[in-house]
Protein chains: 2
Amino acid sequence: MSLKHILLGVLQRPKSGYDVKQMFDHVFSNFWAAKLSQIYPQLKKLTDEGLLTVQETPSDKGPNKKIYQTTAAGKLALIAWLTDGPMIHTEKLAYLAQTYFLGSLDNDQQRLKFLQDLLMRMREWHQALVSIQVQTKLRYPNYPHDLSEEEFYPNLTLMLGVKKVGANVEWVEESIELLRARMNE
Amino acid sequence: MSLKHILLGVLQRPKSGYDVKQMFDHVFSNFWAAKLSQIYPQLKKLTDEGLLTVQETPSDKGPNKKIYQTTAAGKLALIAWLTDGPMIHTEKLAYLAQTYFLGSLDNDQQRLKFLQDLLMRMREWHQALVSIQVQTKLRYPNYPHDLSEEEFYPNLTLMLGVKKVGANVEWVEESIELLRARMNE
DNA sequence: ATCTACTATATAAATTATTATATAGAATAC
DNA sequence: GTATTCTATATAATAATTTATATAGTAGAT
């Protein structure tokens with residue numbers, strides 16, 4: 001349901017399917033994952049429904065591009081989604097599900113390895129988000145108060161990302177400590 | 001992919017499909033959502049694959065129950081999932097996607113309303129998780145060090161839940177402050 | 001010259017998930 | 001007594017997602 005609305009949101013500025021994929025990889029990765037094989041059919045579907053327009057143009061590198069853009073009807077659908085209220089309690093965090101059942105492994109070494117892997121990945125993720133925030137602060141000396149209208153809301157999601165992934169790092173560190181203490185008993 | 005493994009994990013102790021749904025609503029809601037219409041077909045499929053056994057028994061209330069339980073093959077599949085390493089960067093947080101595009105609404109009142117709704121829901125969620133933690137602390141005077149082997153890993157997910165949803169509450173509060181400051185300019 | 005990486009779009013097949021709906025017994029509230 | 005809620009299972013239709021695969025031009029490295 002949300003991929004549709006993310007596409008309608010991001011295509012208020014014209015982009016190709018490939019451009020959209022870059023946005024997912026570098027910006028939306030913080031809160032939504034989508035494969036190219038899902039993006040292209042969805043762009044086609046939304047165009048058929050009249051929520052997007054498409055225009056084929058030659059590319060400076062590689063084959064022709066198809067540039068998509070949100071229509072007035074598309075914008076209405078986007079606004080309906082936003083005014084329908086926040087969508088919560090639909091999260092799926094597979095690594096937490098795995099943690100819940102970690103007791104099913106046969107030994108503490110395997111459990112410890114899982115948590116150490118998780119810590120490494122979370123620290124990398126946190127670092128990546130902090131780097132983006134640092135870059136933003138260079139452009140806005142009175143960050144976050146002087147952010148442009150366009151960057152204000154995207155930046156809110158960055159702020160939560162930093163906070164949330166930071167909380168994850170602390171939590172895995174604590175979990176490893178607790179496990180080590182149990183192992184030494 | 002994960003629903004399968006959550007079922008294999010939770011059915012190491014025998015349960016009906018209905019019991020499993022209660023677990024999703026009250027325990028797993030912290031990290032995974034699943035509907036009955038997804039659970040029942042999946043139980044059937046896993047039984048056909050030999051990862052679960054089923055036994056029909058009369059119920060004390062309502063119609064007959066089907067009690068499912070994980071087989072040795074099912075446990076192997078569970079362990080393979082756990083040893084395959086932590087699954088991250090697959091999260092889908094629809095409310096963050098909505099926040100990203102909040103600038104597309106026409107006025108600040110609508111944006112403020114969205115964030116206030118979000119704050120209310122996050123506070124309720126946080127309160128619910130804290131309550132469960134308080135109950136657990138009553139049973140374990142030296143919490144979290146004296147948790148049973150069985151409750152240790154489920155409790156880790158509770159600890160992250162409290163931390164993570166707490167971080168969300170703080171973030172929405174800050175976001176509302178930032179928006180109000182912009183509105184007064 | 002040819003290999004690799006990047007740009008660019010797309011489909012087929014399979015799996016997974018959601019929405020809506022159906023049935024039905026038992027317990028509880030009014 | 002009847003309406004509602006809870007227990008209990010299930011399917012049909014639709015939608016969303018993943019995995020795998022295919023094609024093809026351009027740029028830069030070796």
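In what follows, chains are A, B, ... by sequence order, proteins preceding strands, each numbered from 1. In this text the structure is predicted, and so the values were computed from the model without any measurement.
Residue contacts for B:Leu36: at a heavy-atom cut-off of 4.0 Å it reaches a base atom on one of the strands shown. Note on A:Lys44: only backbone sugar-phosphate atoms sit closer than 4.0 angstrom, heavy atoms only; bases stay farther off. Within 4.0 Å (heavy atoms only), A:Lys92 reaches sugar-phosphate atoms of the nucleic acid but no base atom. At a threshold of 4.0 angstrom between heavy atoms, the contacts of B:Phe24 with the nucleic acid are absent.
Distance OH (A:Tyr18) to P (C:dT9): 9 Å, rounded to an integer number of Å. Between the NZ atom of A:Lys15 and the P atom of C:dA8 there is a distance of 14 Å, rounded to whole Å. Summarising the geometry, the separation between CD on B:Gln38 and C1' on C:dT15 is reported as 11 Å, rounded to the nearest angstrom. Atom OH in A:Tyr68 sits roughly 13 Å away from atom P in C:dA8 (whole-Å rounding).
Between D:dT9 and B:Ser16, a contact under 4.0 Å exists linking OP1 or OP2 to a side-chain N or O. Between B:Lys35 and C:dT19, a side-chain N or O to OP1/OP2 separation shorter than 4.0 Å is present.
Judged by distance alone, with hydrogens and angles left aside, A:Ser37 brings a side-chain donor or acceptor within reach of the base of D:dT19, the pair sitting under 3.5 Å.
Among D:dT17, D:dA16, D:dT11, the nucleotide with an atom closest to any side-chain atom of A:Lys45 is D:dA16. Taking every side-chain heavy atom of A:Tyr40 into account, C:dA8 is the closest of C:dA8, D:dA8, C:dA17.
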